[in-house]
Amino acid sequence: MSEGPSLETVGDVIAPPSEPGGGGGLTGVLHVPLLGNPNTGKTTLFNALCGLRHKTSNFPGTTQEARIGVVRIGSESSEAEVHLVDLPGIYSLELDLLEARVCRDVLAGRLSPKGEPIGDPEAVCIVADATNLARNLVFVGEVLRRRLPTVVALNMIDLARGQGREINLRTLEEQLGCRVVAVSARKGEGLEALSAAIRTATVPTHTPPGDQTELEHWADRLAVRSMQPAGGNAPGIGTTLSLTDRLDPLLVSPWTGIPIFAAVMVAVFYAIFSIAQFPMEWIDAFFGTAADFVERVLPEGILRDLIARGVVVGIGATAVFVPQICLLFFLISLLEDTGYLARAALLMHRVLRPFGLPGHAFVPLLSSHACALPGIMSTRVIPDRRERLATILVAPFMTCSARLPVYVLVTSLLFKGQPLYAGLAFVGCYMLGAIAGLFSAFIARQTILKGPARPMVLELPTYKVPSLRTALATTIDRGWVFLKNAGTNILAICIVLWWLGSYPHVLPPESAKLLRVQATDLRALADTTTDTTKVEAQRASAQKLEDEANRLTAADAKARSFIGRMGKTVQPVFAPLGYDWQLTIGVLTSFAAREVFVSTMAIVTSAGGDDADVHDEGIVQSIATAPRDDGKTPIFTTATCWSVLVFFVLAMQCLPTLAVTAKEAGGAKWALLQLVWMSGVAYAAAFIVFQSLRLAGIS
Amino acid sequence: MLLNAMKAGEVSHVATLGVDDPGDAALLRAMGLRPGIRVRVVRLGEPTILEVLGAEACGCACASRIGLTKALASRVRVAAAAGAAGPETAR
């Protein structure tokens with residue numbers, strides 16, 4: 001190609017429109033999308049402008065998340081309310097990706113996060129990285145071609161200056177035909193000037209070339225031209241190895257990268273489990289107190305039972321996992337911000353590739369170790385559809401925090417007073433889940449999701465000190481999404497479970513009545529006895545009889561309730577796994593949400609109330625010794641314990657996850673497949689474990 | 001010559017990408033890896049790390065770093081030596 005057209009003659013030159021709204025610029029509500037390449041600090045800028053005040057919702061009809069923040073600009077008399085929409089970071093508007101389509105539709109006024117069409121945005125803010133001007137200007141050109149009022153935020157200006165680069169903003173503004181504001185989102189510099197510029201944004205006076213190749217050349221020339229002529233000492237190339245140059249090969253090579261990766265993951269999970277433990281205990285105690293309070297305040301009846309045992313327990317069961325989930329997202333956000341996660345994804349690509357998953361799947365799978373819901377939602381970073389579907393399908397195999405109470409219960413039954421073995425069993429459960437997930441992905445990619453492996457390509461951002469503000473914003477966002485998604489569903493499930501477990505009301509069994517009569521007789525006897533030591537003994541025996549009567553009543557009510565009948569009907573299905581009807585109830589109820597297993601078992605075995613806690617020695621002891629119907633064999637034999645453990649590692653027992661899978665994968669059939677496959681694998685594995693142990697003489 | 005044949009630390013101009021899939025080619029191009037652009041090899045092998053440098057006259061004021069699989073990197077052809085081809089002629 002010969003010399004391309006010069007900058008000045010490119011495209012049409014359009015006369016600048018008159019300034020709108022007088023001196024202060026636009027007033028009222030302005031819808032302003034925030035666009036940019038990934039890793040330009042777009043989200044940091046969004047957080048710096050809006051603080052932590054923002055809402056997260058989905059663009060209607062898509063799985064694409066939209067964060068909207070409100071910024072008020074100007075004095076009271078002429079205030080503008082800017083509704084800033086944080087769009088996904090993309091490399092080009094023209095790419096055939098969901099994220100790019102969302103950006104195109106928002107710019108065209110076809111899509112808005114609120115649902116109702118709002119037409120063309122009043123202004124567009126493009127975030128460009130000052131340290132990588134040429135590539136960012138290609139994107140700026142693509143947006144300018146849309147001919148919307150535009151402002152360019154030239155971010156990381158402090159870094160560029162630190163590297164000895166001066167950028168001539170005047171030249172850039174003249175050539176782009178729109179306002180360019182130098183900002184540093186991290187340091188909070190230039191934010192006011194940016195807000196003012198957004199308010200007075202005008203349609204660009206030039207239109208960049210339409211052909212992509214010409215646009216790239218236009219951007220190259222513009223980048224060269226706007227660099228201040230030899231002002232600072234621009235760094236040379238290839239002369240000295242920077243820290244990044246030394247660190248990158250270490251982090252992505254298997255020999256050094258995998259041990260570093262393992263150490264980072266151990267640190268993250270250690271932090272999650274050791275720190276989250278305290279708020280989890282407080283939340284647990286709070287909901288226990290709340291349930292007690294309701295029972296004391298409200299008159300006896302259905303309403304009291306519903307609120308105390310259905311609603312409060314339901315909310316508490318979900319809320320207790322919030323600290324772990326928030327902490328995980330906080331740490332992942334910090335790690336991502338340092339630039340390490342991109343290197344880790346590149347490293348993990350090698351590990352995941354043989355199973356048909358890309359390196360991008362690593363963060364979603366890691367997140368699934370807290371909860372599959374945010375894990376599945378974060379699969380949006382995977383560009384290939386088949387790889388994304390495979391990741392969604394297997395994400396719930398990862399050990400989520402809802403499985404932990406079950407692991408704690410069963411491992412403490414198996415290894416009482418042997419914390420080392422219990423810990424090893426725990427690690428084994430994590431590994432079993434991960435391995436089952438990877439092999440399931442492999443099978444899916446060889447059959448229903450067969451297709452070529454998409455080659456991995458990923459930008460490696462510069463290493464940075466992570467921003468606490470960004471991490472905090474992400475944490476609040478994710479915690480809230482989790483509470484909304486899971487809270488409502490799990491609450492509904494808990495209410496249904498409470499109803500199934502409490503109705504129909506039945507009269508106390510004869511045996512319990514008999515015990516109560518005996519207790520009353522003993523008390524009457526105690527009242528007439530004069531010997532004080534005898535009175536004490538008689539009263540104590542009366543209390544014991546009454547406790548036993550209460551236990552019998554509760555167990556009988558449970559057995560004859562709807563759920564008890566279901567348990568007895570379905571039990572033959574689970575008999576080959578070694579479960580009796582009481583354990584079957586526990587398994588059935590946990591198909592909706594696995595964390596209810598412990599409280600269900602506590603109720604069924606009448607070990608305690610709904611506020612059962614696995615850390616409570618008494619409850620574990622009661623569950624451990626609770627007998628089957630024959631009165632001798634414990635419900636949890638050694639073989640049954642292993643079978644239950646394996647079943648819970650592998651089974652799909654979470655309604656909210658199924659709902660999110662259907663939504664994210666684009667069809668209920670994927671959720672059904674996930675349910676059938678995971679539960680099938682779980683049943684088969686638990687069957688093999690139980691029957692092998694039995695054959696080996698371990699029962 | 002192929003990008004694979006370069007040594008770590010060397011700088012060269014990209015001649016052709018050689019990527020068949022239009023989606024992949026478009027993504028690489030949008031990420032800045034396109035004919036005429038200068039690249040510096042940070043790491044070879046699996047995975048390959050490249051520093052994508054901007055146009056010649058920018059100095060190295062426009063740099064970004066991308067990691068990619070060996071399979072992808074091995075298709076990229078580069079001009080024999082740094083500075084041998086300008087951004088306009090290498091296309």
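What you see below is based on every heavy atom in this structure, not just the backbone, and it leaves out hydrogens, waters and symmetry mates. Throughout, protein chains are lettered first and strands after them, A, B, ... in sequence-line order, and every chain is numbered starting at 1.
- For a residue to count as touching a neighbouring chain, one of its non-hydrogen atoms must lie under 4.5 Å from one of that chain's; by this rule A/L458 touches chain B with backbone and side chain alike.
- Residue A/D96: no heavy atom, backbone or side chain, is found under 4.5 Å from chain B.
- Per-residue counts of heavy-atom pairs under 4.5 Å with chain B were compared for A/T462, A/V252, A/N37, A/N136; the largest is that of A/V252.
- B/R43 touches chain A through its side chain: at least one heavy atom from C-beta onward sits under 4.5 Å away, while N, CA, C and O do not.
- Rounding to the nearest 0.5 Å places CZ of B/R75 at 11.0 Å from CG of B/L2.
- Note that CZ of A/R101 is 13.5 Å distant from CG of A/L93, once rounded to the nearest 0.5 Å.
- For chain A, the option among B/L72, B/L28, B/D24 with the highest count of heavy-atom pairs below 4.5 Å is B/D24.
- A salt bridge links A/R161 with A/E166: at least one charged nitrogen is closer than 4.0 Å to a carboxylate oxygen.
- Contact annotation for A/R353: neither backbone nor side-chain heavy atoms come within less than 4.5 Å of a heavy atom of chain B.
- For A/T244, the parts sitting under 4.5 Å from any heavy atom of chain B are the backbone and the side chain alike.
- Interface residue A/E216: backbone and side-chain heavy atoms are both found under 4.5 Å from chain B.
- For the pair A/H349 (side chain) and A/G359 (backbone), a donor-acceptor distance under 3.5 Å is present.
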Please assess A/K464 against A/D337 for the test salt bridge (charged side-chain N to carboxylate O under 4.0 Å, His left out), listing each intermediate value before the final yes or no.
CA-CA 7 Å; A/K464 283 190 284 268; A/D337 222 18; 5.6 Å; no
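- Only the side chain of B/I49 has a heavy atom closer than 4.5 Å to any heavy atom of chain A.
- When heavy atoms are compared at a cutoff of 4.5 Å, A/Q212 approaches chain B by way of both its backbone and its side chain.
- In this structure, chain A has no heavy atom under 4.5 Å from any part of B/L33.
- Both the backbone and the side chain of B/A26 come within contact range of chain A, with heavy atoms under 4.5 Å apart.
- Of the possible polar contacts, none joining the A/S226 side chain to the A/L172 backbone as a donor-acceptor pair under 3.5 Å is found.
- Annotation: the span from A/L335 atom CG to A/L341 atom CG amounts to 5.0 Å, rounded to 0.5 Å.
- Highest contact tally toward chain B, considering only A/A342, A/S253, A/A160, A/S92, is held by A/S253 [criterion: heavy-atom pairs under 4.5 Å].
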Given salt bridge (charged side-chain N to carboxylate O under 4.0 Å, His left out), test A/R146 with A/E94 step by step and report yes or no.
CA-CA 12 Å; A/R146 259 68 180 175; A/E94 318 302 333; 3.4 Å; yes
